[in-house]
Each structure stands twice: as structure tokens, then as C-alpha cells.
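Because the structure is predicted, anything quoted here is derived from the model rather than measured. Any value given below was found using the heavy atoms of this structure, including those in side chains, with hydrogens, waters and symmetry copies removed. The sequence lines fix the lettering, A, B, ..., with proteins before strands; numbering per chain opens at 1.
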Amino acid sequence: MCNPCEGYLKAQRKQEEFQNLSLTSRRQLLIGLAGVGLAGSVFAQSQSSTQLVMGAKPGSGGKVLVVLFLRGGMDGLSAVVPYLEDAYHKARPGLRLGAPNDSSLNRADRTLDLDGKFGLHPAFESLLPLFEAGNLAIVHGVGSNDHTRSHFEAMGAMERGVSRATDQSQGGWLARYLSNTATKNSGIRAVALGSPMPDSLRGAPGAVGIEDLENFKLRAPDGFSDHLESLYGLGKDAFSDAGRATLRMLKLLNQHDWKSEKARFPTSGLGETFSQLSSLIRADVGLEVATVEKGGWDTHVAQGVGQGYLALQFREVAEAISAFWSSLGQDQERVTLVLQTEFGRRLEENAGLGTDHGRASVMMVLGKGVKGGKIHGAWGGLDKGDLEDGIDLKVTTDYRQVLASVLGAQGRPVDLAEVFPSVNLSPMSLY
Amino acid sequence: MISRRDALKIGMAGAGASLVAGCAPTAFRAFGSGLAESYRAPKATDSYEVGLVRRCTFGADLETLATAEQLGGDAWLEQQLGAGKDDGPLLASLLNQCDTERLDANEAMDLPRARVLQSLEQASLLRAVYSPNQLYEQMAQFWRNHFSLFGSKGDVTFFSGPDEAALREHTFGNFFNLLRVSAHSPAMLTYLDNPANFSGHPNENYAREVMELHTLGVRGGYSQHDVMEVARCLTGWTWERRFLKLNKGKFRFDPEKHDQGEKTVLGHKIPRGGGVDDGERVLEILAHHPATGRYIASKLSLQFLGVGEGKVVDEGAKAFTQSGGEIKPTLRAILSKSAVLGAKPIAKRPFEFVAGTFRATRGESGMSGQVLDRLAAMGHLPYGWAMPNGYPLSAEHWAGTLLERWNFASDYAHGSIRGVRHSLDSLVERTEGRTLGEKLTLLTLGKRFDKAHPLAVTLSRIQSPEEGLALCLSSNEFQWRA
């Protein structure tokens with residue numbers, strides 16, 4: 001060893017790696033994980049969540065749409081459980097969750113009642129108050145027309161806002177929404193937080209991907225950023241766009257003082273991302289769209305029941321959303337959060353006590369003014385004849401009917417047919 | 001392989017010492033070739049030779065460009081395709097620091113997970129930067145990414161080294177062998193949950209991805225029913241966990257978990273009672289399916305030419321099919337003169353950006369600690385992509401890493417990354433060019449720029465070679481292979 005610091009640095013790196021593993025890496029789009037050794041999430045209170053001190057006048061901002069994408073295919077039948085269906089209990093003897101009062105099951109495997117037919121997974125408990133307060137709407141039986149059951153096809157279709165991955169379209173649906181509602185907003189209209197830029201924002205001018213807001217700094221000698229401005233001034237390629245957006249973002253963020261503040265965010269990866277998003281929204285930097293994502297939903301083996309791998313995933317999501325929502329305070333009025341995934345999972349469990357790729361799943365919409373406290377969407381049923389291809393919960397609501405309803409409520413005139421070109425829109429009435 | 005004498009030459013840093021960092025300088029002193037007397041501009045900027053070197057290497061440094069120009073494109077390509085296993089003593093001694101180069105899966109299991117992963121990452125970067133067999137390494141990484149593994153999932157960590165070594169044996173070989181190696185690999189089986197694939201309620205994870213991602217491609221003509229049938233064929237494919245078994249940690253077929261019934265895969269009847277042969281038969285059907293040739297050719301073309309369809313893909317698919325899945329003829333078709341001259345710019349991903357930086361400036365490093373941390377911050381560590389589709393290629397995906405690239409460029413140029421050295425002043429001194437800016441663009445981008453070009457204008461204002469190098473590496477131009 002040539003350097004005495006090497007050991008320390010390695011230890012530090014190991015620590016980071018461990019956190020990446022247990023909290024699910026925020027650097028990559030994780031979907032491949034089902035359990036093994038990854039279940040160590042810690043949900044203590046964050047010691048130092050960073051917050052932007054207001055630079056612009058608060059309250060002048062417009063509405064903000066936050067899209068949380070769960071990559072890997074979230075099991076909608078475990079998230080929002082149709083506990084009255086015999087077919088569900090028969091198909092999932094090892095994975096089934098029960099009615100809130102089902103005394104044949106462990107308490108930990110009973111759901112939280114939503115409407116007498118569906119129950120929320122117990123690890124989602126921190127979402128229940130939002131549902132009961134009427135701010136959280138759930139849509140069951142949602143999906144796309146892509147029947148391949150391929151992650152990449154299904155995500156490709158959804159993020160571009162089309163029916164199938166083979167459909168032609170320009171860029172992502174959020175990018176089209178932003179172009180369609182172009183304003184004189186000179187701030188930061190769109191960010192992808194905690195992840196690389198997702199396809200939904202592809203082609204959005206000025207959108208920036210920010211892994212970590214706190215470390216979004218140019219660490220170079222003075223004058224370097226001026227040089228970079230002249231290098232990235234003209235080009236029309238992806239790097240030129242990103243270069244200009246990055247330099248602009250650096251400038252805007254420099255205009256704000258940062259300070260750490262104890263906030264009620266869990267110390268999970270998603271908790272950290274949402275704490276930064278909350279700061280950005282409250283600092284009123286002009287944000288209209290933000291994307292956040294979490295991987296690790298491809299639960300082919302050992303997904304667990306009331307506790308276990310999937311429960312930890314659910315808990316991370318619920319606690320981050322709940323903390324985010326309460327941190328917003330008055331800004332709740334202008335924020336809508338949509339939760340989506342590329343597909344649900346097979347009704348029947350497999351031999352590894354996991355589930356394979358299926359079709360319909362659930363979406364959630366959180367916001368003031370939403371018809372919350374209600375399960376929307378037609379229920380397709382779980383009897384053999386009701387299932388798609390005889391195996392999967394069928395899609396009764398196209399995901400775009402949900403998104404279209406949300407976009408219509410953002411307070412900006414928008415041509416929805418341009419955002420979602422390849423479907424006959426009849427937006428769900430979520431408001 | 002490193003010879004015994006070579007190993008003695010580096011004394012304490014030799015085999016078995018398993019030093020992770022800090023001993024690279026010894027290896028460079030012993031085996032580094034030092035700087036050339038002079039570095040000259042390539043004769044042409046848009047020739048077949050220049051295009052080939054840019055696309056087939058992890059960084060088109062002036063020496064490699066000169067070699068290709070001297071040999072001519074066809075001969076250089078043949079030389080690269082003929083690469084043997086000799087990586088030279090420098091790389092061999094650097095690799096000696098990597099645990100995973102020496103240990104099998106059972107031995108690796110005694111080490112901390114993070115150390116095993118770091119060793120894999122390190123080896124990958126060392127090969128990319130210091131191997132003379134650049135096309136071989138490009139292809140090794142292509143297959144690594146094609147049969148992608150997530151190193152942090154369970155025992156995949158420990159099986160990844162042997163998996164990579166087995167794939168490397170067939171880098172320039174036959175696709176069927178690559179597929180077989182991967183399908184029998186405990187790493188892949190574990191990663192895609194096949195040890196949990198039993199008769200009765202099969203687990204479809206590997207069965208789906210082997211068709212969608214490894215062979216036919218998603219539009220290769222299989223159905224959900226085929227996925228379920230392939231899953232049945234692969235029931236019982238797992239690895240040996242039992243203590244004291246000779247093949248512990250290796251492939252194992254468990255007949256008790258296997259579905260013995262008849263199956264139909266892509267129209268082929270697979271009779272009942274086939275046992276392990278059911279799966280072997282599936283691999284054969286998939287490897288020789290016409291959709292597979294087309295899918296592999298298309299991926300190769302995207303990787304090297306930035307083009308995923310058209311005449312060159314037809315040619316590549318034809319070569320693949322006619323040769324029965326041989327990689328070399330397929331590559332010759334993809335890398336033909338007309339194909340390379342008609343290729344599109346390809347975004348350098350962070351790994352290629354970092355490796356290219358070292359190659360352009362003859363940087364020296366054991367590639368531990370801080371370099372890997374930087375790559376992690378850019379989201380491109382080997383074995384770090386969780387999804388089975390492998391790291392994407394598109395510029396849009398990677399454009400968000402610019403800030404990290406700029407920070408890396410500045411720190412690299414100013415020598416503030418621990419464990420990294422370069423001799424910028426001597427390098428600049430030996431490089432052709434009238435101005436500092438011209439020398440630096442030659443070194444990093446292999447060409448001169450018109451003085452009205454924004455890069456040339458900006459370089460005319462710089463204060464030091466370090467600042468100039470940081471700018472060249474930060475420029476838009478350096479983010480592309482074109």
C-alpha cells in the first residue's frame with residue numbers, strides 16, 4: 001500500500017456499496033432483484049436532509065407533476081389485494097394476503113381495508129391516511145396494449161406514451177407535454193432526480209438528469225465553466241443539449257443558498273431523492289415536471305408476503321411519498337404525484353414463491369382535488385375465463401386514460417391528442 | 001500469462017500478494033514501454049484506417065492510428081482478429097493484483113463481496129486500457145454486456161469471474177458455444193432465477209430472457225406459450241451447492257426438479273423423457289434460428305457503427321448464418337470498408353470515456369479506488385447494471401453524465417485523482433503541432449481543428465497544458481467515436 005489513506009477510502013467505498021445494495025442503487029435502473037441479501041433497508045430519520053432556501057417568491061409557481069416509475073413490473077395484486085376473490089387465494093397459496101379480519105392468517109399478512117373489496121398491502125400503511133383524506137386515488141387493472149410481457153418493450157411503450165413499442169412517435173410523453181405547453185418559464189422546467197434521464201423525458205428541451213442535487217457542482221478551476229459555455233454553445237446533438245442544460249442548471253442552483261435541515265424523510269434512496277425534490281419544488285425554480293424511479297420489482301423468486309422483500313420495497317415507496325407529501329405544506333395545492341409500473345405479475349405464483357411477468361397492475365394518483373379515497377377502474381375478475389390468455393389479470397384501463405386525466409388538471413392548456421397520439425382518448429374522470 | 005521471471009522482476013507486487021492499489025507504479029516501471037520519441041498526426045482524418053481504429057478500440061491513440069495506417073485497414077483488422085492470448089507483461093502484472101483473476105467461485109466466496117466486485121471492475125478497466133488486443137477486448141465486453149450479469153445479486157458476485165473467463169474463451173469463436181457457456185453458468189442461472197425453476201410451476205425469468213435478449217430478440221417470433229415451454233425444458237437447470245461434491249459451484253442438472261413431459265418450442269416437438277437434453281435442444285434451436293443471426297448482427301452493427309438496420313445488418317446476418325454462428329466472419333462483414341466509412345457517430349459511454357482518456361494520454365494506474373469511484377458516479381461500473389438487457393448505447397441515456405465527465409477531466413488533467421499518473425509535459429513536447437492547442441487536440445481527438453472551430457478558439461485562451469487537456473476531454477467532440 002503506497003498510501004495511508006487508501007484503507008480508509010476503501011472502507012468508505014465499501015460502505016457506499018453496501019448502502020447501494022441495501023437501498024437499491026439510485027444510480028441504475030434496478031429491476032433484476034428479488035430478495036437475496038438485499039433486504040437491509042434502514043428507515044431512521046434523516047439527520048441532514050438538504051433544503052433549498054427560497055430564492056424566488058414562494059407561491060408564484062405553477063403546478064408540478066411528479067412521475068414515479070417502478071421498474072421491473074410491480075405486483076399489483078399484492079399492492080392492492082382483491083381479498084374477496086377465491087381465485088386469488090387459490091392461485092397464491094404461498095403468497096396470499098388476506099382480508100383485514102382474516103383470522104386464518106398471521107396478523108402481518110392481513111391487508112388494510114380500502115373499500116370492503118380491496119385491501120392495501122400492510123407495508124403501504126403510511127399511504128392509508130392519504131387515501132382516507134381523499135387525496136390518493138388508486139386505479140386497478142391498468143396497463144398498456146403491449147402484450148410481449150417484456151420489461152423493455154412495455155417500458156418503451158409507456159415512456160413514449162404509445163400502445164406498443166413498435167409504434168412510431170417522437171420522444172417521451174412528458175417531453176411532448178412540455179413542448180405542447182411551452183411557456184416563457186426561464187427556470188428549470190423538468191428534472192429527472194436520482195437517475196439518468198428516462199425515456200419519458202427524452203427530447204424535452206432543457207431537461208436535466210440529476211443524480212444527487214447536493215453534489216451537482218462543477219469542481220474545476222475558475223473560468224472553466226466559461227470555457228465550457230463556448231464549447232457547448234452551438235451543437236444540436238444529445239451531448240450539446242445536455243451540456244447547455246447542465247451549465248444552466250449549475251447557474252440556477254448557484255443562485256440559491258443551500259442549507260441542511262432535519263426533515264422527516266426516511267434514509268432510503270427514495271427518501272433522499274424525494275427530500276431533494278421537495279426542496280426544489282419549494283424553492284420555486286420553475287419546475288413543471290419531475291421524474292423519480294425505483295427498481296427492484298421483478299420479483300420472480302421469494303417475494304414475501306406481509307413481510308419480506310416486496311414488503312420492504314413497498315415500505316420504502318410509501319414512507320418516501322408520505323414524507324414528501326407532508327413536507328410540501330401549502331405547496332401540496334400545486335403538486336400531483338403519479339405512480340406507475342410497466343406491467344403487473346402473473347396471478348399464479350411460481351415454484352420459487354415469486355411471480356412471473358403479467359399484464360395489469362395498479363396506478364396511484366396523489367394530489368389535492370383528486371377523487372381520492374376510491375378504487376377506480378373496472379375490475380376484470382380472476383376467474384379463468386376473465387384472465388388475459390387464461391393467466392393474467394387483464395388490462396381494463398389504458399394507462400394513458402389516467403395520465404390524460406392528470407395532464408388535463410395541470411392548469412395549462414394542452415392538446416392531449418398530441419401527447420398521446422396513438423389512442424382514442426377518453427380520459428378517466430379522476431377529478 | 002506472466003512468466004516466473006517477470007513475476008520476480010516486480011518482487012513484492014507479484015502474484016499472491018493481492019495488493020489492490022498502489023503497486024501499479026512498480027508494474028509500470030518494470031514493464032511500461034515509456035513514451036515514444038514522437039507522436040505524429042494521422043495522414044488522413046476520414047480514412048478506413050482511422051474509422052476502424054476509432055470504432056474497434058477503447059481510444060484511438062496516435063500510436064495505434066499510426067500502426068493501422070502503416071499496415072492498411074484490412075491487415076490491421078486481420079491482425080486484431082488474430083489476437084492471441086498474450087496480453088504482454090505490463091497487463092499481466094497489473095492483472096495479477098486482481099483476486100478474481102486467480103480464484104474460482106468457491107475461493108472467491110471467502111472474500112468480502114465488495115472486494116470481489118472491485119477486482120472484477122478493475123480487471124475490466126485494466127484490459128480495456130492496456131491490452132494491445134483492442135478488438136478482442138471490445139468483443140469481450142460486448143458479450144459481457146450481451147449476457148449481462150448484475151454482480152451484486154446474491155452469489156452472482158462470486159460466479160461472475162468464472163463466467164467471464166468462460167465467455168472470454170469464445171470471444172472470437174462460435175455463438176453457439178457462447179450461448180452454451182452462459183446457459184450452463186451458475187452466474188447466469190442464479191441471476192435469472194433458474195435454480196427456482198421447478199416442474200409444476202416453472203419460473204420463466206431465464207426462459208424469457210434467453211429468447212428476448214440473448215438469441216431471437218423480442219421480435220424474433222416467439223410467443224408467451226414458447227416462453228412457458230422453454231421454461232419447462234429448463235426445469236432442473238441449476239448449480240451444485242452440496243458440500244463435498246466434486247463439481248461444487250458448477251452446473252448441475254437436477255432430474256427430480258425436471259418436467260419430464262413432452263414440450264413444443266417454436267414448432268419443434270421435444271419428446272418426453274429427454275432430461276437435460278431438453279434444455280440443450282432448446283439452445284441448439286435458438287442458436288441456429290435465423291432471427292438470432294439477424295439480432296446479433298444488428299447489435300454488433302449498433303455497437304460498432306451506430307446503425308441497427310440496413311444493408312450492413314443484412315450482410316452481417318448472412319455471414320453469421322452461412323458460417324453457423326462464427327464471430328470472425330460476422331465481424332468482417334460488419335467492419336468492411338464501406339460499412340465503416342458510412343457509419344454514424346457513437347456516444348462514448350463513461351467506461352469508454354475514462355478508458356479513452358488513459359489511452360490518449362498514456363495515463364498510468366492500477367485502476368483501483370478513486371478511478372472506480374468516478375466510474376460509479378457516472379453509472380457505468382462493470383457488473384453494475386441490474387437489468388438483464390445490459391448497459392444501453394444511446395447518447396440520450398448517457399448525456400446526463402456530462403457534469404461527472406467534466407469533473408473527471410479536470411481532476412485527471414491536474415493530476416488530482418489518487419493512484420493516477422501521466423506525463424503531460426513530456427507527452428506534449430513529443431507531439432507534432434504548432435500550438436499547444438493543436439498538440440492537445442491531436443493527442444485526444446487524433447486531428448487538428450480549423451482555427452475558427454469553438455474548440456480551437458477556446459484552446460487559444462488557455463493558461464496551461466493541464467487546462468487545455470481538461471477542455472479537450474470535456475469537449476463535445478471527445479464524447480463521441482466518429
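- Contacts between A:Tyr232 and chain B at a heavy-atom distance below 4.5 Å involve the side chain alone, from C-beta outward.
- Between chain B and the options A:Arg346, A:Met197, A:His147, the largest number of non-hydrogen pairs under 4.5 Å is found for A:Arg346.
- Per-residue counts of heavy-atom pairs under 4.5 Å with chain A were compared for B:Asn476, B:Thr458, B:Val218; the largest is that of B:Asn476.
- For a residue to count as touching a neighbouring chain, one of its non-hydrogen atoms must lie under 4.5 Å from one of that chain's; by this rule A:Arg149 touches chain B with backbone and side chain alike.
- Heavy-atom distances place no part of A:Leu353 under 4.5 Å from chain B, backbone and side chain included.
- B:Lys344 and B:Gly306 get closest at one heavy-atom pair: CB-O, 4.1 Å.
- Both the backbone and the side chain of B:Glu396 come within contact range of chain A, judged by heavy atoms closer than 4.5 Å.
- Looking at A:Ile210, there are no atoms closer than 4.5 Å to chain B (heavy atoms on both sides), in backbone or side chain.
- With chain B as the partner, the residue from A:Leu231, A:Asn350, A:Asp356, A:Asp199 showing the most heavy-atom pairs under 4.5 Å is A:Asp356.
- Proximity to chain A is limited to the side chain of B:Asp411, based on heavy atoms less than 4.5 angstrom apart.
- Interface remark: B:Met228 contributes side-chain atoms only to the contact with chain A (heavy atom separation under 4.5 Å).
- Annotation: cation-pi pair B:Lys348/B:Phe353 absent, no NZ/CZ under 6.0 Å from the ring centroid and within 45° of its normal.
- When the candidates B:Leu471, B:Leu455, B:Leu459 are compared by the number of heavy-atom contacts under 4.5 Å with chain A, B:Leu471 comes out ahead.
- The residues A:Arg345 and A:Asp298 are annotated as salt-bridged, a charged nitrogen and a carboxylate oxygen being separated by less than 4.0 angstrom.
- A:His357 and A:Trp297 have their aromatic ring centers separated by at least 6.0 angstrom.
- Here B:Glu467 does not pair with B:Arg461 in a salt bridge; the nearest charged N to carboxylate O distance is not below 4.0 Å.
- No salt bridge links A:Asp146 with A:Arg359; every basic N to acidic carboxylate O contact stays at or beyond 4.0 Å.
- With a 4.5 angstrom heavy-atom cutoff, A:Glu348 touches chain B only via side-chain atoms.
- Contact of B:His225 with chain A is not made at all, since no heavy-atom distance falls under 4.5 Å.
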All N/O donor-acceptor pairs, side-chain side in residues 217-225 of chain A, below 3.5 Å, sequence neighbours left out:
unit_1   : atom_1 : unit_2   : atom_2 : d
A:Lys217 : NZ     : A:Glu214 : O      : 2.7

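- If you tally non-hydrogen atom pairs under 4.5 Å between each of A:Leu250, A:Leu228, A:Asn215, A:Thr246 and chain B, the highest count goes to A:Leu228.
- Ring centers of B:Trp398 and B:His380: under 6.0 Å apart, within the cut-off.
- A:Arg71 pairs in a side-chain hydrogen bond (donor to acceptor under 3.5 Å, both in side chains) with only one of the listed residues (A:Glu342, A:His151, A:Glu293), which is A:Glu293.
- When each of B:Ser475, B:Ala395, B:Gly400 is checked for heavy-atom pairs under 4.5 Å with chain A, B:Ser475 comes out on top.
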